[in-house]
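Because only heavy atoms are used, hydrogens play no part in the values below, and waters and symmetry mates are left out as well, while side chains stay in.
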Amino acid sequence: METIATTIGEETETIENAYEPYLIQIGFLSRTLRGRIVLPDAYRHLGYNYE
């Protein structure tokens with residue numbers, strides 16, 4: 001999460017409190033015991049094949 005925050009110029013807390021819940025709500029991201037994972041809908045939205 002820190003790498004993403006640095007790359008886009010946001011604070012880690014902003015991403016976790018503002019962006020992450022929205023991405024989870026629309027089905028692009030999931031939090032698991034092993035960390036966060038990108039879901040197939042996010043890949044399709046960005047134009048990548050999910051296999």
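- Shown here for Pro40 and Tyr50, the closest heavy-atom pair between the two residues is CG-CE2, 3.4 Å.
- Side-chain heavy atoms closer than 4.5 Å link hydrophobic residues (I, L, V, M, F, W, Y) into clusters, and following such links, even through other members, never connects Leu29 to Ile37.
- Phe28 is listed as a side-chain neighbour of Asp41, based on a closest heavy-atom distance under 4.5 Å.
- Separation of atoms OG1 (Thr3) and CD1 (Ile8) is listed at 11.5 Å; rounding is to 0.5 Å.
- For Glu10, the side-chain hydrogen bond (donor to acceptor under 3.5 Å, both in side chains) partners at least two apart in sequence or on another chain are Tyr19.
- Tyr43 places a side-chain heavy atom less than 4.5 Å from the side chain of Val38.
- The number of heavy-atom neighbours closer than 6.0 Å to CD of Glu13, taken from other residues, nucleotides and ligands shown, is above 12.
- Considering all non-hydrogen atoms of both residues, Pro21 and Ile15 come closest at CD-O, 4.4 Å.
- Each salt bridge (charged side-chain N to carboxylate O under 4.0 Å, His left out) pair with one or both residues in residues 19-33, not counting sequence neighbours, appears once here: Glu20-Arg31, Glu20-Arg36.
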